[in-house]
Peer 1: 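Let me begin by handing over the structure; questions about it come next.
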Amino acid sequence: MQQNPYLPITMKLVKNLVETEDRLINTFTLEFMNKQDEENFKYMPGQFAELSAYGHGEAPFGIATSPTEPGILKFSVAKVGCVSNALHLMEEGTMVGVRGPMGNYYPIEQFKGKNVVIIGGGFAFTTLRSLAKYMLDDKHRGDYGDITVIYGARNPGLLLYKEELAEWENNPNINLVTTIDRPAEGWTKHVGFIPSITEQIAPSSVDTYAVVCGPPAMIKFTLPVLEKLNFPPERIYTSLEMRMKCGLGICGRCNIGTEYVCKDGPVFSMAQLKELPNEY
Amino acid sequence: MKISKEKFGQAFDALVADYKVIAPVSDGSGIAFTEVKSFSDVKQDYLNSKLPPKAFFFPQHEKLMSYKKEGKDVTVKSELKVENTILFGIRPCDAKGMLLLDKVFKNDQYTDPYYYERREKAVIIGLGCTKIAPTCFCSSFEISPAGSEGSDLFLIDLGDSYEVEVVTEKGKALADRLALAELTADEQALVDKIKSAETPSKIDVSNTTSKLDKMFNSPYWDTLQEKCLGCNVCSFSCPTCHCFDISEEVCKNEGTRVRTWDACMAPLFTLHGSGHNPRDNKKARWRQRLMHKFNYFVHNNGSMSCVGCGRCIKSCPVNMDIRQVVDGANKAELVVE
Ligand SMILES: Cc1cc2nc3c(=O)[nH]c(=O)nc-3n(C[C@H](O)[C@H](O)[C@H](O)COP(=O)(O)OP(=O)(O)OC[C@H]3O[C@@H](n4cnc5c(N)ncnc54)[C@H](O)[C@@H]3O)c2cc1C
Ligand code: SF4
Ligand code: SF4
Ligand code: FES
């Protein structure tokens, strides 16, 4: 018998870090309790998991770590409701439940030998961090061409993973572009919305894949820019969010037409999305 | 083959020792599938139950697991309980409905153990329909009112006796406990007559799926759902609807995680944490209901997920009739986009 996919494994919250200045996003570091659990939790960048805050319920969150970081999983969670609030309030050392990994992942096999442009807005940067981290790993970096990351937030205090961004700034293996919406004191990098910054940077679309995640408005205005840069829809990927419960394609909640986002997604190419009803 | 009702009743009463036996019972307001201890409790002359028998594999409310917190620690325990079960008196539409639910609870990646372990330990004794309700339209879906598809053992009421058809290995194991006799020529003729019956009410679904492929943006959806109250009764009474919610019931430091029937007609069904709701209007929700049953399910699983039991027609408080909705879609003009 396959394992009961409704039963979470238990992981220990070893770090509960306030990630953004507005204190609405925390990053949780969870530690596997044993080797067996970790063995069974083989994941790829782009997948997600259902986190249980016992006593409150469970909710889906993208995995922010890369499989190249053993022993732990990280999630960056915005405080919006019942489960996310309960998670924010948890003391380090508390046991949480984890079901997963779930869903498909970014097509890293197809990316091999190509350049990759990662475009992220706001706190949707979680699985994009996983993707960048994975490709930057010594074992994998040689498989890919240029890696460009364009990442923006409303203001500097809302950028996730600031230490890592600082490290990437000086890393010759990655071309990092950060931007904020309006000028702010002490900010010396780009200022402007992601679509216009993308237009300015104008990454070449030759032999290049683009991965775009962020708020709906950002995606809506970035896609035409990518089109102008001649990215075909087959080479633009995004990750979708829907309300989810089971994460297994059974509870019927997350469908867009024939596709269950939890099982058949959350990663889709723009070419795939064009074939689906506009109901997400 | 056949067996007299008297002998069948004796065998039935003996089965109660080895199985949990579920059968149609008259509960005062209608027919309900209920655990019985004796064949004398079974209602033998009925059209169909108010609620579909899917609840024995997929209960309206069930515990998935329980947990106990102690300080920062937690222990988690599965709440899966399974019994050998016989479901007696299942109508052909509902038996087909179970075959459709099987496809949902075991998909290309996951098997739902709560559903499947119960399903595998259950034997379905189907009972052919000799009376047909005006809301029945199963013949639209190549289901015969006296067809054995989906049953393990299938019976047809011949008055004093049942005609018995062994459909599966599970059914054979039960039939071995029955003293079966040959049918007479007259009885065979009666069986053939019952088996050839069709529901007088039928809808044409031959082109519905391909028509719906082109209808997502049709104005047809604009008005069709106006009177719908979003009460979910159509889904709860549907033998193929499978949507559920997962929530938590908590008492101090202990709790259970439960799943409960839910449905796409409810506005909160798809509400995101951000406040965004992809199906925030009735039009989108009724479109989802029809599309899921007559289009999406066909693309994913090769058949429609409606079996023509007619329960949604009977129970809808505002008389929405899925037959008319399908018929309307068949006839709707396509808009050029
Ligand atoms: C694949 C995927 C990946 C995701 N990744 C991330 C991630 O990395 N980080 C992240 O922060 N988020 C992520 N999300 C979003 C996250 O899942 C939601 O924010 C989360 O489910 C919210 O759960 P909650 O229990 O905190 O909120 P809920 O308590 O469910 O409530 C959220 C809001 O919904 C409304 N609401 C809920 N129930 C009711 C009701 N009964 N009546 C009225 N209103 C109601 C309330 O207005 C409330 O404010 C992801 C989602 C998906 C699908
Ligand atoms: S989506 Fe709607 S029609 Fe489809 S199974 Fe769920 S409740 Fe039934
Ligand atoms: S039973 Fe009738 S009123 Fe209730 S949700 Fe279904 S169609 Fe709407
Ligand atoms: S979350 Fe249950 S089907 Fe996708």
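Throughout, a chain's letter reflects where its sequence line sits, starting with A, and its residues are numbered from 1. Computed from a predicted model, the values in this text were never measured in an experiment.
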Peer 1: Within the supplied structure, the quantity of interest is the number of heavy atoms (other residues, nucleotides, ligands) at a distance under 6.0 Å from B:Lys121 NZ; does it exceed 12?
Peer 2: no
Peer 1: Counting a contact as any heavy-atom pair under 4.5 Å apart, which residues of residues 247-260 of chain A contact chain B?
Peer 2: A:Gly247, A:Leu248, A:Gly249, A:Ile250, A:Cys251, A:Gly252, A:Arg253, A:Asn255, A:Gly257, A:Thr258, A:Tyr260
Peer 1: Ring-plane angle category for B:Tyr114 and A:Tyr6, please: parallel below 30°, perpendicular beyond 60°, tilted otherwise.
Peer 2: perpendicular
Peer 1: Could you please state which residues from residues 293-303 of chain B sit under 4.5 angstrom from chain A, measuring non-hydrogen atom to non-hydrogen atom, sorted by number, or 'none'?
Peer 2: B:Tyr296, B:His299, B:Asn300
Peer 1: So if I take each residue of residues 235-245 of chain B and look for any heavy atom under 4.5 Å from a heavy atom in chain A, which residues do I end up with?
Peer 2: B:His242, B:Cys243, B:Phe244, B:Asp245
Peer 1: Which is it for B:Asp108 and A:Lys263 under the side chain to side chain contact (heavy atoms under 4.5 Å, CB included) test, yes or no, and what are the steps along the way?
Peer 2: CA-CA 9 Å; B:Asp108 53 342; A:Lys263 167 174 84 69; 2.9 Å; yes
Peer 1: Are more than 12 heavy atoms, taken from residues, nucleotides or ligands other than B:Asn207, located less than 6.0 Å from that residue's CG atom?
Peer 2: no
Peer 1: Which heavy atom of B:Arg257 sits nearest a heavy atom of A:Tyr54, and at what distance?
Peer 2: NH2-CE2, 4.1 Å
Peer 1: Does a side-chain heavy-atom distance below 4.5 Å link A:Glu58 with B:Glu248?
Peer 2: no
Peer 1: Write down the atom of B:Tyr110, the atom of A:Pro5, and the distance for their closest heavy-atom approach.
Peer 2: CD2-CB, 4.2 Å
Peer 1: Roughly how far apart are A:Asn4 CG and B:Leu64 CG, rounded to 0.5 Å?
Peer 2: 8.0 Å
Peer 1: Does the side chain of A:Pro8 come within less than 4.5 Å of B:Met65's, by heavy atoms?
Peer 2: yes
Peer 1: Is it the side chain or the backbone of A:Ser84 that comes within 4.5 Å of chain B heavy atoms, both, or neither?
Peer 2: neither
Peer 1: So what's closer than 4.5 Å to chain A heavy atoms on B:Val76: side chain, backbone, both or neither?
Peer 2: side chain
Peer 1: Check each atom of B:Leu212 against the heavy atoms of chain A and say whether the ones under 4.5 Å are side chain, backbone, both or neither.
Peer 2: neither
Peer 1: Using heavy-atom distances under 4.5 Å, tell me whether B:Tyr67 contacts chain A through its side chain, its backbone, both, or neither.
Peer 2: side chain
Peer 1: So that I can tick it off, tell me whether A:Glu92 and B:Lys72 are bridged by a salt bridge, with the cut-off set at under 4.0 angstrom between side-chain N and carboxylate O.
Peer 2: no
Peer 1: Near B:Lys282 NZ, under 6.0 Å, is it more than 12 heavy atoms from other residues, nucleotides or ligands?
Peer 2: yes
Peer 1: Which value, rounded to the nearest 0.5 Å, describes the distance between A:Arg243 atom CZ and B:His272 atom NE2?
Peer 2: 8.5 Å
Peer 1: Atom CG of B:Leu271 and atom CE of A:Met242: how far apart are they, to the nearest 0.5 Å?
Peer 2: 11.5 Å
Peer 1: Where does B:Gln288 contact chain A at under 4.5 Å (heavy atoms): side chain, backbone, both or neither?
Peer 2: side chain
Peer 1: Taking atom CE of A:Met244 and atom OG1 of B:Thr270, what is their separation to the nearest 0.5 Å?
Peer 2: 12.5 Å
Peer 1: Not counting sequence neighbours, list each pair that qualifies as a salt bridge (Lys or Arg N to Asp or Glu O under 4.0 Å) and has a residue in residues 294-313 of chain B.
Peer 2: B:Asp94-B:Arg311
Peer 1: Between OH of A:Tyr280 and NE2 of B:His276, what distance do you get to the nearest 0.5 Å?
Peer 2: 10.0 Å
Peer 1: Could you go step by step and tell me if B:Asp262 and A:Lys245 meet the salt bridge (Lys or Arg N to Asp or Glu O under 4.0 Å) rule?
Peer 2: CA-CA 11 Å; B:Asp262 199 351; A:Lys245 286 287 174 172; over 6 Å; no
Peer 1: Quick check for you: among A:Gly81, A:Cys82, A:Ser52, which has the greatest number of heavy-atom pairs under 4.5 Å with chain B?
Peer 2: A:Ser52
Peer 1: Other residues, nucleotides and ligands only: do more than 12 of their heavy atoms fall within 6.0 Å of NZ on B:Lys283?
Peer 2: yes
